[in-house]
Amino acid sequence: MSTIFKKIIDKEIPADIVYEDDLCLAFNDIDPQAPVHVLIIPKKEISSLAEAGEENRDLLGHMLLIASQIARDLGVSESGYRLVLNTNKEGGQEVEHMHIHLLGGRQMEWPPG
Ligand code: AMP
């Protein structure tokens with residue numbers, strides 16, 4: 001099933017894109033929960049991390065390194081940031097296209113809600 005993120009990948013709807021390459025896309029969250037709130041998504045349609053398999057090993061590693069690079073580029077690497085990968089219903093995932101939240105620019109709390 002196609003999601004709103006697929007429409008962003010296909011440039012059918014706009015997004016505030018901060019990074020793009022052949023494998024992934026990163027854009028600002030429309031409802032930011034921190035001064036920095038970027039979503040990193042694979043261009044390949046993977047509905048959740050639970051659906052990702054061994055064939056996605058390189059892609060998943062790439063996404064983490066890109067998240068780290070974006071954190072550096074946005075100036076939160078040294079101060080610190082949090083990556084969140086909500087997975088399926090109880091994980092709080094609403095959009096069924098795998099995505100990593102990159103949150104930074106404020107003190108994060110623990111435990112998460
Ligand atoms: P999740 O609850 O982990 O599935 O997160 C989905 C995220 O996508 C939420 O933080 C939303 O604010 C965000 N979101 C939904 N639609 C858009 C959009 N069109 N552009 C940017 N972010 C979006």
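Whatever order the structure lists them in is the order used to number ligands and atoms, beginning at 1.
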Response to the item:
Residues at least two apart in sequence or cross-chain that pass side chain to side chain contact (heavy atoms under 4.5 Å, CB included) with Asp29, listed by chain then number, are Asp31, His37, Leu39, His101

Worksheet entry | ring pair (Phe, Tyr, Trp, His ring centres under 6.0 Å) contacts in which one or both residues fall within residues 40-89, not counting sequence neighbours | none

Heavy-atom closest contact ([X] atom, [Y] atom, distance):
X	Y	result
Arg106	Gln33	NH2-O, 2.8 Å
Ala34	Leu103	CB-CD2, 4.1 Å
Met63	Cys24	CG-CB, 4.3 Å

Worksheet item: With sequence neighbours left out, what residues match Asp16 under side chain to side chain donor-acceptor pair (under 3.5 Å)?
Response: Asn28

Worksheet item: At a 4.0 angstrom heavy-atom cut-off, what protein residues surround ligand 1?
Response: Ile4, Phe5, Ile8, Phe27, Asn28, Asp29, Ile30, Asp31, Leu39, Asn86, Gly92, Gln93, Glu94, Val95, His99, His101

